[in-house]
Amino acid sequence: MKNLLIFTVHILLGSLQIACNQPKPDNLSKKEEDQFVINSKILGETRTCLISLPETYFEVSEKDEKYPVIILLDGNVFFKTTAGAVQFMSSDSNRNHLMPKSIIVAVENVDRERDFTVTKLKTKRPNTMGGGKKFLGFIQKELLPYLDTNYRTKKSRTLIGHSLGGLLTLNAYMDENNIFDAYLAIDPSIWWDEETIKNKVDSVPSTSLNKKLFIATANQGEANYERNKKRHDTLYSLLRERMEGGNTVSIQYYETENHRSVPLKAIYDGLKYLNGDTQ
């Protein structure tokens with residue numbers, strides 16, 4: 001009975017997904033799923049984040065271990081899916097070892113159109129578009145330092161975004177001040193500002209071209225071929241032209257998946273590519 005109790009405690013600790021308001025390493029909540037809140041001066045608002053720690057985070061044998069960080073956009077939608085995929089791909093119990101054990105931080109939405117776009121479109125309706133650079137500033141200057149202070153993190157960071165979040169992921173990849181080491185853009189909404197994206201390719205810094213990018217394209221039907229798949233393929237080709245010799249960008253078309261269903265497969269395939277040897 002004693003051994004069974006000890007085993008049960010280890011399992012509960014191992015599957016921990018914590019949350020607390022401005023947590024400290026010695027005072028972490030041990031709930032399976034919860035949240036913490038950051039008061040952002042850059043955004044002028046509080047932002048809620050979900051966090052998942054590796055199943056062995058609290059084991060004595062790994063008390064000095066540090067872990068890569070995955071920042072997940074649309075966190076309230078994709079948190080459980082991503083946490084499950086990462087656990088499956090990195091867990092000692094599964095012995096897959098397709099990627100390192102990682103800390104996942106999922107940022108919940110307040111205003112997607114504002115936070116995930118870096119330019120404004122002309123519309124008749126009032127809008128808050130174009131706040132993407134400020135949102136990336138929040139991640140770089142507030143969220144990541146907070147994580148580095150409160151958790152055992154490595155300087156290895158991956159950004160994952162879908163749709164408009166995928167568009168922001170591409171803009172982050174192309175930014176000369178890019179702060180991530182790998183990027184996963186799932187069916188990115190390039191249609192939002194196609195010319196800006198094309199123009200940015202010519203000025204993508206070499207530091208970005210040396211980092212891995214995975215683009216997942218869904219089947220949005222023949223009517224949307226020009227709007228979606230063709231644009232993704234064009235972007236991929238333009239990036240490949242900028243790369244001399246090596247190839248750190250990959251694109252995959254999911255013919256049997258639509259815009260809403262593609263994230264599940266893309267998260268697995270994308271993380272596998274980003275954490276494997278460059279093809």
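Numbers for residues simply follow the sequence, beginning at 1.
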**Q.** Cluster check Ile51, Val110: I/L/V/M/F/W/Y, side chain < 4.5 angstrom
**A.**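 Not linked; separate clusters.
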**Q.** Verify same cluster id: Trp191, Met174 (apolar side-chain graph, 4.5 Å)
**A.**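 Trp191 and Met174: one cluster.
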Side chains of [X] and [Y]: does their closest heavy-atom pair fall under 4.5 Å?
X: Ile160; Y: Thr169; value: no
X: Leu239; Y: Val201; value: yes
X: Thr158; Y: Asp181; value: no
X: Leu72; Y: Val105; value: no
X: Ile38; Y: Leu143; value: yes
X: Val86; Y: Ser52; value: no
X: Ile70; Y: Leu271; value: yes
X: Ile139; Y: Phe180; value: yes

Where is the tightest heavy-atom contact between [X] and [Y], given as atom of each residue plus distance?
X: His259; Y: Val262; answer: O-CG1, 3.6 Å
X: Asp115; Y: Leu168; answer: O-CD2, 3.6 Å
X: Phe214; Y: Ala266; answer: CE2-O, 4.2 Å
X: Ser261; Y: Glu257; answer: OG-OE1, 2.7 Å
X: Thr248; Y: Leu209; answer: OG1-O, 2.6 Å
X: Gly130; Y: Thr117; answer: N-OG1, 2.9 Å

Under 3.5 Å, is there a donor-acceptor pair between the [X] and [Y] side chains?
X: Asp269; Y: Tyr254; value: yes
X: Tyr236; Y: Glu241; value: no
X: Gln35; Y: Thr48; value: no

Atom pair [atom1] ([X]) and [atom2] ([Y]), whose distance is rounded to the nearest 0.5 Å:
X: Phe138; Y: Ile42; atom1: CZ; atom2: CD1; result: 8.0 Å
X: Lys272; Y: Ile267; atom1: NZ; atom2: CD1; result: 15.5 Å
X: Arg112; Y: Met129; atom1: CZ; atom2: CE; result: 13.0 Å
X: Arg231; Y: Ile215; atom1: CZ; atom2: CD1; result: 14.5 Å
X: Arg260; Y: Ser163; atom1: CZ; atom2: OG; result: 8.5 Å
X: Leu164; Y: His162; atom1: CG; atom2: NE2; result: 9.5 Å

Tell me if a side-chain donor or acceptor on [X] pairs with a main-chain N or O of [Y] at a distance below 3.5 Å.
X: Arg152; Y: Glu65; result: yes
X: Thr217; Y: Lys229; result: no
X: Tyr173; Y: Ala185; result: no
X: Asn96; Y: Met89; result: no
X: Asn219; Y: Gly221; result: yes
X: Ser102; Y: Pro100; result: yes
X: Lys211; Y: Tyr183; result: no
X: Asp74; Y: Val77; result: no
X: Asn178; Y: Asp175; result: yes
X: Lys230; Y: Tyr225; result: no

Q) Checking salt bridge (Lys or Arg N to Asp or Glu O under 4.0 Å) for the pair Lys134/Glu45: CA distance, chi angles, key distance, verdict? A) CA-CA 12 Å; Lys134 184 179 285 189; Glu45 62 192 17; over 6 Å; no
Q | Criterion side-chain hydrogen bond (donor to acceptor under 3.5 Å, both in side chains) on Asn171 and Lys200, from CA distance to verdict | A | CA-CA 9 Å; Asn171 275 301; Lys200 281 187 175 183; 2.5 Å; yes
Salt bridge or not between [X] and [Y]? Use side-chain N to carboxylate O under 4.0 Å.
X: Glu108; Y: Arg47; value: no
X: Lys155; Y: Asp148; value: yes
X: Arg125; Y: Glu113; value: yes

Q: Please list all pairs passing the ring-ring contact (aromatic ring centres under 6.0 Å, His included) test where one or both residues lie in residues 87-120, with sequence neighbours left out.
A: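 The answer is Phe116-Phe135.
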Q) Should we count NZ of Lys120 as having more than 12 external heavy atoms under 6.0 Å? A)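 Yes.
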Q. Could you go step by step and tell me if Leu274 and Leu184 meet the side chain to side chain contact (heavy atoms under 4.5 Å, CB included) rule?
A. CA-CA 8 Å; Leu274 295 177; Leu184 172 47; 4.0 Å; yes
**Q.** Pairs touching residues 83-94 that satisfy salt bridge (Lys or Arg N to Asp or Glu O under 4.0 Å), sequence neighbours left out
**A.** Asp92-Lys101
**Q.** Verdict with reasoning, Ile186 to Phe78, per side chain to side chain contact (heavy atoms under 4.5 Å, CB included)
**A.** CA-CA 12 Å; Ile186 305 172; Phe78 299 117; over 6 Å; no
List in chain and number order the residues that pass side-chain contact (heavy atoms from CB on, under 4.5 Å) with [X], two or more places apart in sequence or in another chain; answer none if no residue qualifies.
X: Leu264; value: Thr81
X: Gln87; value: Glu55, Ser91, Ser93, Asn94
X: Thr119; value: Trp192, Asp193, Thr196

(Q) For Phe36 and Tyr146, take the angle between the two ring planes, folded into 0 to 90°, and tell me which bin it lands in: parallel under 30, tilted 30 to 60, perpendicular over 60. (A) tilted
Q. Does the ring center of Tyr151 lie less than 6.0 Å from the ring center of Tyr67?
A. no
Q. Taking it one step at a time, do Glu142 and Lys41 satisfy side chain to side chain contact (heavy atoms under 4.5 Å, CB included)?
A. CA-CA 8 Å; Glu142 295 179 325; Lys41 293 182 180 179; 3.7 Å; yes
Q: Please step through side chain to side chain contact (heavy atoms under 4.5 Å, CB included) for the pair Glu59 and Thr56, ending with a clear verdict.
A: CA-CA 5 Å; Glu59 290 186 2; Thr56 55; 3.7 Å; yes
**Q.** Non-neighbouring partners of Arg242 that pass salt bridge (charged side-chain N to carboxylate O under 4.0 Å, His left out), sequence neighbours left out
**A.**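 Per chain and number, Arg242 pairs via salt bridge (charged side-chain N to carboxylate O under 4.0 Å, His left out) with no residue.
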